[in-house]
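Below is one structure, written out as structure tokens, with a few remarks after it.
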Amino acid sequence: MANLFSYRIDNHGDNVRPDSIQQARKKFRAGEITAEERQQVEDDAILEFISFQRHLTLSCLSDGNFRDGDYRSAVLQSVAGFSRVPDAMEPSGLGTWTVDGPLKQRKPIATDAARFLLDHTGFPVKVKLPSAAHIAAHTYTPDARRAYPGAAAVGDVVAEMLRDELELLFEIGVKFVQFDNPDYFTYLAGGEVGEMSFDEALSIDAAVVAGLEKDEDQKVALTIGWEDDLAGDLDVARAERLFASDYDKFTFPFHTDAVVARNLPTLVPDDKQIGIGIVDAFAPELEDVDTVMARLDVALDQHDYDRIGLLPNRGFQPIHYRDAPLSIEQQRKKLEHVETFATMVWGNEA
């Protein structure tokens, strides 16, 4: 069987934070501990999480995004020009951020965190980041016109930063980088997001990986959604354009009959990989084995057997300042469930 480095047993990222991290953040905000002491707590929790992942036989290891406030934080807190809007929240529960001036990177976005992982494991390392278009679509407001003429201009700047960060991540030895832009489920249903059009979003996110040189075992994925289904009819032309971009892998949910019926795997070119989210990261109940295997049969009939990876439909705790729907133990059982299905499909070569 060919090894196409499809990272078959995957963890979406944004894992449930242990209480030690949550308590350390509260103490830091209250001025009871230093930033260095908070980081030590994060380091210890990540080392424990590395061990946890090894026992699950995941194909690649991450830090669970334990250092991040939410799934966008690596960018928003590393770039001057973004600011948190006090007491404002998006409908999803995310804190609202906006562009309040020219963007300038003030510290590494992900490489420092990645180096810590690389120093403490010999397994392939995965890094998860928000996409440039997603950040721009959700931070650009009319007030930002003083610095940028539109959301696309913000996205172009962030894309340049993420391209530089991506190249550095691969240079230091990271094997797998995943960019998240769940807005594509809106775009693929014919909608638009804020002041960002589908054409603009695709151009921005595609620029991050266009012509990228990397080793055979280094892959870049784009998460295009994590909801139960699209909000409207699938725009096939948009999907085909999206899947033609230079990402190695496209990740999307595959945990409901509704989203399986969209037949997304059949639209992904044969030379691309897919990551399909087969378990619900927000529902504690374990999925019925026969139901999931029937859904997997659909994907296996539509796409190359060796170019498929399995994972949860989304992160388990994408927002650390909101309670996680699952406990750490329930999360473990979900990831073990993913491992079980991978073994049922590929046997010991999963």
Side-chain angles (χ1 to χ4, degrees), residues 10 12-14 62 65 68-79 81-82 90 92 94 97 99 103 105 109-111 114 126-140 148 150-170 174 176-188 191-212 219-227 238-239 241-253 268 272-275 277 311 313-315 318-319:
D10 194 5
H12 203 290
D14 289 313
S62 78
N65 297 90
D68 297 335
D70 63 54
Y71 70 90
R72 311 160 303 168
S73 297
V75 171
L76 293 177
Q77 296 182 347
S78 301
V79 179
F82 289 119
E90 296 188 11
S92 64
L94 286 165
W97 287 69
V99 177
L103 301 180
Q105 188 173 335
I109 293 172
T111 49
K126 173 182 177 177
V127 170
K128 189 176 85 73
L129 294 167
S131 90
H134 183 61
I135 289 291
H138 291 268
T139 58
Y140 187 82
Y148 297 98
V154 173
D156 289 339
V157 174
V158 178
E160 289 184 16
M161 296 178 186
L162 289 178
R163 173 57 177 252
D164 291 343
E165 194 78 7
L166 178 59
E167 291 177 345
L168 184 54
L169 287 168
F170 282 152
V174 170
F176 186 21
V177 177
Q178 173 185 306
F179 291 101
D180 289 345
N181 189 346
D183 295 336
Y184 282 112
F185 255 36
T186 298
Y187 292 128
L188 295 187
E192 307 294 349
V193 178
E195 296 194 27
M196 179 78 70
S197 71
F198 168 74
D199 289 344
E200 289 170 333
L202 179 56
S203 175
I204 290 164
D205 285 340
V208 175
V209 293
L212 180 68
K219 304 297 180 184
V220 190
L222 179 65
T223 299
I224 66 168
W226 46 49
E227 300 296 339
R238 285 187 172 187
R241 288 177 57 202
L242 173 61
F243 295 144
S245 61
D246 283 347
Y247 287 88
D248 302 298
K249 188 173 191 174
F250 296 93
T251 297
F252 43 80
V268 180
K272 303 286 187 179
Q273 299 177 4
I274 59 174
L311 70 165
N313 72 309
R314 64 187 304 163
I319 310 171

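Sequential numbering from 1 along the given sequence is applied to the chain's residues. The shown structure was predicted, so the numbers you read here are calculated from the model rather than taken from an experiment.
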Inset, instruction - Could you pull out all residues at least two apart from Asp164 that satisfy side chain to side chain contact (heavy atoms under 4.5 Å, CB included)? - result: Glu167

Are [X] and [Y] side-chain neighbours, meaning at least one heavy-atom pair lies under 4.5 Å?
{"X": "His12", "Y": "Tyr71", "answer": "no"}
{"X": "Leu222", "Y": "Val209", "answer": "no"}
{"X": "Val75", "Y": "Leu162", "answer": "yes"}
{"X": "Leu212", "Y": "Asp246", "answer": "no"}
{"X": "Gln105", "Y": "Met161", "answer": "yes"}
{"X": "Gln178", "Y": "Asp10", "answer": "yes"}
{"X": "Tyr187", "Y": "Leu202", "answer": "no"}
{"X": "Asp183", "Y": "His138", "answer": "yes"}

Are the side chain of [X] and the backbone of [Y] linked by a donor-acceptor contact shorter than 3.5 Å?
{"X": "Tyr247", "Y": "Asp205", "answer": "yes"}
{"X": "Asn65", "Y": "Asp14", "answer": "yes"}
{"X": "Arg72", "Y": "His134", "answer": "no"}
{"X": "Tyr140", "Y": "Gly194", "answer": "no"}
{"X": "Asp70", "Y": "Pro318", "answer": "no"}
{"X": "Glu192", "Y": "Phe198", "answer": "yes"}
{"X": "Ser203", "Y": "Glu200", "answer": "no"}

Any idea which heavy atoms bring [X] and [Y] closest together, and the distance?
{"X": "Ala110", "Y": "Leu129", "value": "CB-CD2, 3.9 Å"}
{"X": "Phe82", "Y": "Ile135", "value": "CZ-CG2, 3.6 Å"}
{"X": "Gly225", "Y": "Pro253", "value": "O-CD, 3.1 Å"}
{"X": "Met196", "Y": "Ala137", "value": "CB-CB, 3.8 Å"}
{"X": "Ile204", "Y": "Ala132", "value": "CG2-CB, 3.6 Å"}
{"X": "Gly69", "Y": "Ser73", "value": "N-OG, 3.2 Å"}

Inset, instruction - With Thr251 as reference, evaluate Ile224, Asn313, Leu311, Ile274 under the side-chain contact (heavy atoms from CB on, under 4.5 Å) test and give the passing residue. - result: Leu311

Inset, instruction - Please state whether the rings of Phe243 and Phe250 are parallel, tilted or perpendicular, taking 30° and 60° as the class boundaries. - result: perpendicular

Legend entry - Among Thr223, Asp68, Asp180, side-chain hydrogen bond (donor to acceptor under 3.5 Å, both in side chains) partner for Lys128: Asp180

